[in-house]
Structure formats: structure tokens, C-alpha cells
Colleague: 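To start, I am sharing the structure in question, which I have written as C-alpha cells.
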Amino acid sequence: MEAPVRVRFAPSPTGFLHIGGLRTALYNYLFARSHTGGKFILRIEDTDQSRYVEEAEDDILRSLEWCGIVVDEGPDNPGEVGPYRQSERKELYNKYGKELIESGHAYYAFDTTEELDQMRERLQKSGNPSPKYDAITRQSMKNSLTLPQDEVTKRLEAGEEYVIRLKVPRRETIRFEDLIRGHVSFESKGLDDQVLIKSDGMPTYHLANVVDDYLMKITHVIRGEEWLSSTPKHILLYSAFGWEPPQMAHLPLIMSPTGGKLSKRKAEEEGIPVNTKDYIKHHYEPEALVNFLAYLGWSPGDDSEIHSLNELTRLFTLDRVSKGGAVFNHKKLMWYNEQYLREQSNKVLANRLREIAGKEKITLPDDDYLEKAIELLKERVSKVDELLSMGSFFFDDPKEYDPNALKKWKEDSPVLVKEYRSKIDKLSDEEFEAVKLKSLLEEVINANGVGFGKLMMPLRIAVTGQGFGPDLFASMELLGKETVLRRIDNTLHELG
RNA sequence: GCCGCGUUCGUCUAGGGGUCUAGGACGCCGCCCUUUCACGGCGGUAGCACGGGUUCAAAUCCCGUACGCGGUACCA
């Protein structure tokens, strides 16, 4: 019997949850759920105090929740291997750092930032393009490998600042098996003596991540490709501790349409919302985002496209994750959004619309009317909030005319509209229905020997202010006789 | 520069030696439906980066090249 699957999403609270981070979380979650008894763990990697952002952790939690991703163990619902914030595990890392020094796998270094800069500069001048603190250079630096034992003790006792560095072996080939990429290998000579414990006493990502994954019994590390290059350091660490490393899986990056990693700046330039909270704020369908993101770098292998989080959970396997970076396609996201939007009942949409309208201080009509309006609008919008903008004429007399539509208001329009007006004026409220309204329009165009559009478009402009939109006759029926006549009169008055 | 990882239609992908004159989805274009705009239906456009091998046979395996991306911090 294999150990139960345990995966973690380990974001750094340095800002709002990025869309790429969300996908990493999603893949971890899907992987956990695709195994019976699998656990999805949230660990906050707040070891960089200079970049810490107060609201970030809350934003991460809220974003995951919005997507329907349930955290099995995390800061808010700890399991047995807590705490789940690295800042609260500081002592632990120190203990393991010391252990590494004792076993000869790490050492103290006292070099100042200036001295490190000087070293790099010196090396660069002598033709070394990527200076490293490695097996060669460490011999001429200030550390417990070069300094006499008693001086090291003296410095430590004096409370002098130090870091702990990993003693990377001079020549060694580090190999590991990546679940997505297969065989990967690095030469240790390309690695530097990575700082493990910083001078502020906090661990670096590398140490903390290894120690925590081990202590939290993580079985699979699923993370972005940007970590692939530092994985050999982690492998070295595992073996220094004598621990079995977890399975590794490095996900392809999400790319910007203009190339490169989808960074915050790039995304903004291209009009792509980059933070999950932006999707929440702009009323995207969470199921659509999830579905879209799942398919960005993964596919189930058949021709299916639409799957709920639950279904994805059953379909997901790591070996179907692609290797190459995936370009974010906003139009496809919108397509997904439309799919999920149309699935919802008019009643549900009405409730959601009320919530949105409430925030924007817009007053909406009663449920019956609202749901009928939604029914007419639903097939024409991409996002739920567009029901409000496209359907504004259902809720208020148009304040202005779409300049583009106005081109269809011709010289003969007033006459035709007037004639139509006088016909529908004779209808009772009960008779004011789509079929009747349409046949009366036909009467007018036939009598005048003109095409349908000659009257239809001006009428639409008068009633909705727009040149497009839901079925005009159904819309007029819903609007009611009084409103329609009022709008026609207003328009006749304004446009002549 | 060095190290690593990638590369199938514009984009996301299917494909894992013959069934590929390469399939699906988004987008785009056209037609139908609708005398609006959409939705829907039908059809179309367009791709195996390049060069060598291996093999009777390569999009699929191997090697190079090019290009892209990532990493190269007391950031994660």
C-alpha cells in the first residue's frame, strides 16, 4: 500500500494571487482529488520579510474558495504537521541548518554584501560571466571552511551576522525523474553554494521548502517550471539529510500573447486580468476560469471541452500535462464564460444581477420582468454584468442613441414610425404582444411598399436606443404599451 | 555568456513508427436560420521549426542547428 498522496500549494504572500499561481494550485488540487484520500495542503511561504504583503494571504484563501478549491490543511484549518506558515517554523529550519553543518554538508559564511559584490565583480573582470560562490571561490571567502575554528567560534559568540551555505560538491551529476519532463540532469559545478539560512535568521526558499515538504509528508511536488533549475539543489539537500525526495512535476509556464512569462505588467498592457481578484471583481464565472485554466497546459485526450471542477478531478492525470509553455487566450476564456453563463437559470442570474446592481446603485424591476428580460438577453452576452449594460433599456428609457444606429434613422423614418405608433396605440394592454406587434409592422411596410428594415431599425432606435439587441417584438411586449409609446413619442420629438 | 527545459494550424491541444491526404476547440471567413444583433447549424482557412540519420515506413525514435522560454540573489 502506497503512502496517501499529499500535495501542497506553497505561494509566497508577496501580492495578490496571480492567475499562474491559481493554475498551479488547481493542478495540485486536481491531482490530490484524483487519488482517493489525497490531500491538498496550503503552505504560506513568508520567509522574505521585505516583500511581505499583509492582505496577500487572505486574498489567496478567498481566491481559492471562489474557484471551489478546498484546502484540506492550511493555516486556517491545520492538520497534524503545522504550523502552515513558514515564519512560524523558523526554529525548525535553524535546527536543520545546524544539523547540516554538523554533518559537513553546510558551513557558516561571514561575507558581507559588499564583499560578495566585490568577489563577483573581480571574477567578472577576469572573464567569468557568471561568478558563483562555489567550491573554488569559497576558498578565498570568509567562512567556516577557511577561517580557523576558534575564530569562527569567536565570531558566532560575538553575535556577528552570518549565513549558512550549502556545500555543493565539486563535480557530481544530479539526476532526477520529472513526472512531466522525464529524465533531467544537472552538473553540480553549475550550482553555487546556495544560502540556506539568511542573516536575518530566516531560511531561504530552498531549505524551507525541502524541510517542510519532508516534515509535511508531501509525496508530489507540483510547481511551475521556474523551479526546475533549482531542483538539483533540493535534491542535494534531500540526500544530505538522508531523506527520500518527493516525486517532482514541473508545470509549463503560462505565456503572454506577445511572448514571455505572463507577468503582471505584460498582462496589463494586453488587457488580460492577471490577479484572481480581478476575475472576481469583474464577475467572471469561476467555473469558466477553472475550466479554461485546466485546459491551459493539459487536456483529457478526447474532444471534450466543458468540465466542472468535479469532472476535472476524475479526468486529471499528470502525464497528460504538456511540456511547452501555453499562451493565455482571453477570447477562449470568454467563450468558456458564455458556456457557463447560459447554463444558469434566469432566476439564478436575476439574483446575481440584483447583487451587482445593488453595488452600482441601479434599481431593477420585479423578478418576473427581470427574468423575462434575462431570457431575451442571455444568448447575447459574454459576462453576467453585461446583462445590465446591454439590457439597460429594459430598466430605463434610453438616455442617448447609439451613434452608429442613428445612421439608420432616415428621412422617411418619422412618417413610418408615426403610422406604426397610431396602429399599436389602438391595442389594449392585453393585445400588446409580440405576434400582434409584428403583424402590425408588416401592415405598415406593406402599405408603404418598403422593406422590413425601413421601419424595424428606426423603431428599434426609438425603443432601445441601440441598433442591435434582443428580438424587438418580444422586447416591446415586455416593456409594455405605455413605455413603448412614451419612447416613440420622445424619439419623434427629439429626432423629428 | 553559461546551465536547463521546450518547439504540431494565429492560439489551446489530439497524436506516442504504418489507420495522418494530421483530428478537435477558440479565433477568423463564408453560407443557412433570423428582414436587427446574437445563439444555433453547415462549410472553409490554416500546422508537424530546419537539417541529418535509424527504418521497408517518422509528426512520432536518435543527433545536430535555429528559435523560444526559464534559471543564473542573503526573491520566491
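Every chain is numbered from 1, with letters handed out A, B, ... down the list of sequences.
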Colleague: Using the P atom on both, measure rC29(B) against rU55(B) and round to a whole Å.
Modeller: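 My reading of the P atoms in rC29(B) and rU55(B) gives 49 Å.
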
Colleague: Pick the C1' atom in rG68(B) and in rC31(B), then give their distance to the nearest Å.
Modeller: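 The same atom, C1', in both gives a distance of 40 Å.
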
Colleague: For rU21(B) versus rC62(B), give the span between their P atoms, rounded off to a whole number of Å.
Modeller: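 Taking atom P in both rU21(B) and rC62(B), they lie 23 Å apart.
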
Colleague: Do F316(A) and W298(A) have their ring centres less than 6.0 Å from each other?
Modeller: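 Yes.
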
Colleague: Say you draw a straight line from OH of Y107(A) to OG1 of T146(A); how long is it, rounded to the nearest 0.5 Å?
Modeller: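 One finds 9.0 Å between OH of Y107(A) and OG1 of T146(A).
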
Colleague: Can you check the F468(A) CZ to rU35(B) C1' distance for me, whole Å?
Modeller: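 For the pair F468(A) CZ and rU35(B) C1', the rounded distance is 18 Å.
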
Colleague: What is the distance, to the nearest angstrom, from the CG atom on D134(A) to the P atom on rC2(B)?
Modeller: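 After rounding, the reported distance stands at 17 Å.
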
Colleague: Taking atom C1' in both rU72(B) and rG51(B), compute the distance separating them and give it to the nearest angstrom.
Modeller: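 Roughly 31 Å separates the two C1' atoms.
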
Colleague: Suppose we screen for side-chain hydrogen bond (donor to acceptor under 3.5 Å, both in side chains). Which residues come up paired with K189(A), at least two apart in sequence or across chains?
Modeller: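 Partners of K189(A) by the side-chain hydrogen bond (donor to acceptor under 3.5 Å, both in side chains) criterion come out as none, since no residue qualifies.
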
Colleague: Of the options rC28(B), rC39(B), rC37(B), whose atoms approach the side-chain atoms of R380(A) most closely?
Modeller: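 Out of rC28(B), rC39(B), rC37(B), the nucleotide with an atom closest to R380(A)'s side chain is rC37(B).
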
Colleague: Starting at CE of M141(A), measure out to CD of Q118(A) and round the result to the nearest 0.5 Å.
Modeller: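 The CD atom of Q118(A) is 8.5 Å from CE of M141(A), to the nearest 0.5 Å.
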
Colleague: Under a 3.5 Å limit for both distances, which nucleotide forms a Watson-Crick or G-U wobble pair with rU35(B), could you say?
Modeller: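 Base-paired to nothing in any strand shown.
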
Colleague: Determine whether a donor-acceptor pair (N or O, by modelled atom type, separation under 3.5 Å) exists between the side chain of E419(A) and the backbone of V415(A).
Modeller: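 No, E419(A) side chain to V415(A) backbone: no donor-acceptor pair under 3.5 Å.
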
Colleague: CD of E477(A) to CG of L437(A): how many Å apart, nearest 0.5 Å?
Modeller: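 Spacing of CD (E477(A)) from CG (L437(A)) equals 7.5 Å.
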
Colleague: Is the Lys NZ or Arg CZ of K383(A) less than 6.0 Å from the centre of Y284(A)'s six-membered ring, within 45° of the axis?
Modeller: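 Geometry flag: set, cation within 6.0 Å and 45°.
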
Colleague: Does a side chain donor of either Y295(A) or N329(A) reach within less than 3.5 Å of an acceptor in the other side chain?
Modeller: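 Result is no, nothing qualifies.
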
Colleague: Taking only the C1' atom of each, what is the distance from rG40(B) to rC5(B) in whole angstrom?
Modeller: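 Looking at atom C1' only, rG40(B) and rC5(B) are 43 Å apart.
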
Colleague: Spell out protein contact along nucleotides 71-76 of chain B as letters: B when the base is contacted, S when just the sugar-phosphate is, - when no protein heavy atom is under 4.0 Å; keep the 5' to 3' order.
Modeller: S--BBB

Colleague: Could you measure between the two C1' atoms, the one in rG1(B) and the one in rA59(B), and give it in whole Å?
Modeller: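 Those two atoms are separated by 34 Å.
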
Colleague: Any donor-acceptor pair under 3.5 Å linking the side-chain atoms of Y401(A) with those of T491(A)?
Modeller: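 Looking only at side-chain atoms, Y401(A) and T491(A) do form a donor-acceptor pair, the distance falling under 3.5 Å.
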
Colleague: What one-letter contact string describes nucleotides 5-17 of chain B from 5' to 3', where B marks a base within less than 4.0 Å of any protein heavy atom, S marks contact via sugar-phosphate atoms alone, and - marks no contact?
Modeller: BS----BBSSS--

Colleague: Please report, rounded to the nearest Å, how far the C1' atom of rC3(B) is from the CD1 atom of I174(A).
Modeller: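 In whole Å, rC3(B) C1' and I174(A) CD1 are 12 Å from each other.
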
Colleague: D471(A) has an atom CG; how far is it from atom P of rC33(B), in whole Å?
Modeller: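 My rounded result for the distance is 17 Å.
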
Colleague: Taking rU7(B) as the reference, what is the distance to rU60(B) when you measure between their C1' atoms (whole Å, please)?
Modeller: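 Pairwise C1' distance, rU60(B) against rU7(B), rounds to 14 Å.
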
Colleague: What is the separation between atom CE on M334(A) and atom P on rA38(B), rounded to the nearest whole Å?
Modeller: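 After rounding, the reported distance stands at 15 Å.
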
Colleague: Atom CD of E338(A) to atom C1' of rG27(B): distance rounded to whole Å?
Modeller: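 Spelled out: CD on E338(A) to C1' on rG27(B) is 12 Å.
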
Colleague: When rounded to the nearest 0.5 angstrom, what distance separates CG in N337(A) from CH2 in W335(A)?
Modeller: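 Going from CG on N337(A) over to CH2 on W335(A), the span is 11.5 Å.
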
Colleague: May I have the distance from H330(A) (atom NE2) to rA25(B) (atom P), rounded to whole angstrom?
Modeller: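 Nearest whole value for this atom pair: 22 Å.
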
Colleague: What is the distance, to the nearest angstrom, from the CD atom on E187(A) to the P atom on rG4(B)?
Modeller: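 Rounding to the nearest Å, CD of E187(A) and P of rG4(B) are 8 Å apart.
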
